[in-house]
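In what follows, a structure is listed as structure tokens, so that the remarks can point back to it.
Note: hydrogens, waters and symmetry copies are ignored here, and every other heavy atom, side chains too, is used.
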Amino acid sequence: MIYSIVPFEQLYYSENKQERIEVVINGEKVILMRNDNNTYTVERLISTNPKVYLNPEFTPGNRIIAITSEKEGPEVKWEIITDGLRLT
């Protein structure tokens, strides 16, 4: 067992590099991993507020869809999917 602050991905190199992006969802910084079917999976939450970690929408493994709206501007709206249900 390795106890380290270094992410697992950096310790063990993998040829399978998946795209990761850092976004702000509902005011909280989240790292998302891109899936093959144009969805994203929550990989990590970055926050200093302990209450945010209790919010089920930021649970690692949740799937998220990015929805862009050209009428409202360049901002991206994120829609969370849990067990096939969409939460807004």
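Separating the CD atom in Glu57 from the CG atom in Asn26 is a distance of 5.0 Å, to the nearest 0.5 Å. Put simply, CZ on Arg44 and CD on Glu22 are 10.0 Å apart, with the number rounded to the nearest 0.5 Å.
One hydrophobic cluster holds both Val42 and Ile21 under the rule that ILVMFWY side chains link at heavy-atom gaps under 4.5 Å. The hydrophobic cluster containing Tyr53 also contains Val30, counting ILVMFWY residues as joined when their side-chain heavy atoms lie under 4.5 angstrom apart, directly or transitively. Clustering ILVMFWY residues whenever any of their side-chain heavy atoms sit less than 4.5 angstrom apart, transitively, puts Phe58 in a cluster other than the one holding Ile31.
A donor-acceptor pair under 3.5 Å is absent between the side-chain atoms of Asn62 and the main chain of Thr41, judged by distance alone.
The shortest side-chain heavy-atom distance between Arg34 and Arg20 does not fall under the 4.5 Å cut-off. The shortest distance between side-chain heavy atoms of Ile25 and Ile64 falls below 4.5 Å.
The shortest heavy-atom contact between Glu28 and Ser47 is OE1-OG, 3.2 Å.
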